[in-house]
*Asks:* 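Sharing a structure here in structure tokens format.
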Protein chains: 2
Amino acid sequence: MNKIPFPVIHRLSYVFEILNKLEEQGIKKVSSAQLGKYLGQTAHTVRKDIHFIGIAGTAGTKYDIAGLKTLISRHLGFGIPKKSCIVGLGKLGSALLEYTLAIPQGAFRIVAGFDSNINRVETIHTPIELFPAYRIEETVKRLQIELALIVVPPQQAQEAADRCCDGGVTGLLNFTPTVIKPKRDGIFVRSIDISGELRILAALAYTTTIMNE
Amino acid sequence: MNKIPFPVIHRLSYVFEILNKLEEQGIKKVSSAQLGKYLGQTAHTVRKDIHFIGIAGTAGTKYDIAGLKTLISRHLGFGIPKKSCIVGLGKLGSALLEYTLAIPQGAFRIVAGFDSNINRVETIHTPIELFPAYRIEETVKRLQIELALIVVPPQQAQEAADRCCDGGVTGLLNFTPTVIKPKRDGIFVRSIDISGELRILAALAYTTTIMNE
């Protein structure tokens with residue numbers, strides 16, 4: 001298997017998302033120009049990325065969506081679901097637990113949840129195992145969990161992330177508005193900043209109003 | 001007030017987020033190089049953006065965080081909270097309702113929620129008003145709501161967005177894995193794709209494993 005540069009992995013993961021969406025709409029084929037439009041990239045970059053995993057294309061090429069999905073899935077390992085956990089089972093964490101369990105199996109599978117509140121751990125009804133927070137490191141190790149969603153209060157985010165890193169995760173999805181630093185190299189952090197996104201929309205709304213005056 | 005180009009608005013909103021986080025950590029001053037690092041932009045771009053709203057800076061300048069926050073807030077209108085609503089009050093929508101109501105007032109304020117299930121509308125306990133989905137357009141108009149969080153099932157996302165657009169919103173935050181098209185120009189859509197983010201982390205985890213073999 002070739003080494004794939006990170007920016008290519010990143011873009012191909014998005015391409016995979018887009019292909020899923022197009023497929024849902026009953027579309028069978030897509031050009032590099034169309035993919036580029038969705039991605040905010042040039043058609044040339046899209047073709048180069050796809051060439052990287054094995055399909056050469058020219059400006060006119062239309063890719064078969066199902067075939068391209070299989071190819072990306074194979075190169076990015078989407079056929080083997082990564083075991084994942086949720087740390088923090090408050091309102092948002094519990095909702096994310098139900099939400100992610102309902103996503104059809106594929107790139108990831110939620111196998112455990114953690115909370116520092118033992119009462120919460122004992123009363124939430126879910127098909128997966130829940131554990132008190134002090135057992136994060138041991139459980140992540142034992143179950144070979146690779147990804148963790150961090151949904152704790154901001155002031156507990158770094159400690160929760162550290163425990164997951166000690167257990168051996170390779171990826172953290174941070175739902176808190178704090179910056180989380182991974183404990184060592186080779187651990188990736190991505191953030192979903194809900195209030196930040198709303199702030200951007202608010203700014204766009206405000207400045208549009210000004211521009212239209 | 002000067003017109004601000006969209007990419008600048010976008011970056012300055014992120015700068016505002018970063019300043020919030022640095023301030024939480026007790027930091028008082030920050031350089032353009034440090035901000036650029038967080039943003040994935042050059043220090044030069046950061047300085048140009050900040051110059052746009054009134055502070056000239058050179059490579060060595062350290063910005064006062066509190067002062068810069070006030071300036072950005074004034075130019076992007078963060079002092080006037082945009083009225084916002086949540087469409088879809090299932091598990092994730094209800095959790096987002098509680099979550100966003102707990103965020104300190106600032107750029108936005110949630111004032112209404114909608115769901116097509118009347119029973120749900122009547123039984124959820126929350127300090128804000130809830131309405132059945134058929135009243136979206138009328139209510140958005142009457143309350144002058146500007147932003148909408150779309151948290152409905154994917155197949156209902158476009159219709160929910162259309163009703164919000166008919167009511168006059170200028171921004172949509174899409175939590176569904178579908179592409180939402182705004183009904184007319186001047187409406188901004190941003191997406192939070194939870195399963196997509198997990199897929200990227202899964203790909204990074206997989207390809208790292210390969211690279212380390």
Side-chain angles (χ1 to χ4, degrees), chain A residues 1 3-4 6 9-10 12-14 16-17 20-21 24 38 75-78 80-82 84 91-92 94-96 98-100 103 106-108 146-147 149 154 170-173 177-179 186 188 190 192-212, chain B residues 1 3-4 6 9-10 12-14 16-17 20-21 24 38 75-78 80-82 84 91-92 94-96 98-100 103 106-108 146-147 149 154 170-173 177-179 186 188 190 192-212:
Chain A
M1 179 101 40
K3 284 188 190 179
I4 310 177
F6 289 156
I9 292 170
H10 193 160
L12 284 176
S13 301
Y14 274 122
F16 191 86
E17 290 298 297
N20 272 337
K21 288 170 194 175
E24 263 171 34
Y38 284 116
H75 276 82
L76 301 192
F78 292 160
I80 314 143
K82 300 280 165 296
S84 309
K91 288 281 186 281
L92 188 60
S94 313
L96 286 172
E98 284 204 43
Y99 179 79
T100 48
I103 294 172
F108 57 89
E146 292 183 75
L147 307 179
L149 287 74
T170 53
L172 297 164
L173 185 51
T178 335
V179 177
F188 299 92
R190 293 186 62 87
I192 289 183
D193 182 354
I194 297 166
S195 59
E197 290 294 331
L198 281 166
R199 204 164 281 134
I200 289 171
L201 281 172
L204 289 168
Y206 176 74
T207 44
T208 309
T209 314
I210 295 289
M211 285 164 73
N212 291 342
Chain B
M1 181 100 41
K3 285 186 190 181
I4 310 176
F6 289 155
I9 292 171
H10 193 161
L12 285 177
S13 301
Y14 275 122
F16 190 86
E17 290 298 297
N20 272 337
K21 288 170 195 174
E24 263 171 36
Y38 285 115
H75 275 83
L76 302 191
F78 291 160
I80 316 142
K82 301 280 165 295
S84 309
K91 288 281 186 282
L92 188 60
S94 313
L96 286 171
E98 283 204 44
Y99 179 79
T100 48
I103 294 171
F108 57 89
E146 292 183 75
L147 307 179
L149 287 74
T170 53
L172 297 164
L173 185 51
T178 336
V179 177
F188 299 91
R190 292 185 64 87
I192 289 184
D193 182 353
I194 296 165
S195 58
E197 290 294 332
L198 281 167
R199 204 165 282 134
I200 289 171
L201 281 173
L204 290 169
Y206 176 74
T207 45
T208 308
T209 312
I210 295 289
M211 284 164 74
N212 292 342

*Asks:* Please report the closest heavy-atom contact between Leu198(B) and Thr100(A), naming both atoms and the distance.
*Replies:* CD1-CG2, 4.2 Å
*Asks:* Of the non-hydrogen atoms in Phe78(A) and Ala203(B), which two are nearest, and what is the gap between them?
*Replies:* CE2-CB, 3.7 Å
*Asks:* Mind checking whether Thr170(B) and Tyr206(A) have side chains closer than 4.5 Å, heavy atoms only?
*Replies:* no
*Asks:* What's the separation between atom CG in Leu92(B) and atom CG in Leu92(A), rounded to the nearest 0.5 Å?
*Replies:* 7.0 Å
*Asks:* So for Lys91(A), is it side chain, backbone, both, or neither that comes closer than 4.5 Å to the heavy atoms of chain B?
*Replies:* both
*Asks:* Identify which of Ser94(B), Ala95(B), Ala202(B) forms the greatest number of heavy-atom pairs closer than 4.5 Å to chain A.
*Replies:* Ala202(B)
*Asks:* Determine the minimum heavy-atom distance between Gly171(B) and Leu201(A), stating which atoms define it.
*Replies:* CA-CD2, 4.0 Å
*Asks:* Please rank Leu173(B), Leu96(B), Ile80(B) by heavy-atom pairs under 4.5 Å with chain A and give me the top one.
*Replies:* Leu173(B)
*Asks:* Which answer fits Leu147(A), side chain, backbone, both or neither, if we ask what part of it has an atom under 4.5 Å from a heavy atom of chain B?
*Replies:* side chain
*Asks:* For Arg199(A) and Ser13(B), work out which heavy atoms get closest and say how close.
*Replies:* O-OG, 4.4 Å
*Asks:* As an exercise, state the distance from CG of Asp193(B) to CD1 of Ile192(A), rounded to the nearest 0.5 Å.
*Replies:* 7.5 Å
*Asks:* Under a 4.5 Å cutoff for heavy-atom pairs, which residue among Ser84(A), Pro154(A), Gly196(A) has the most contacts with chain B?
*Replies:* Gly196(A)
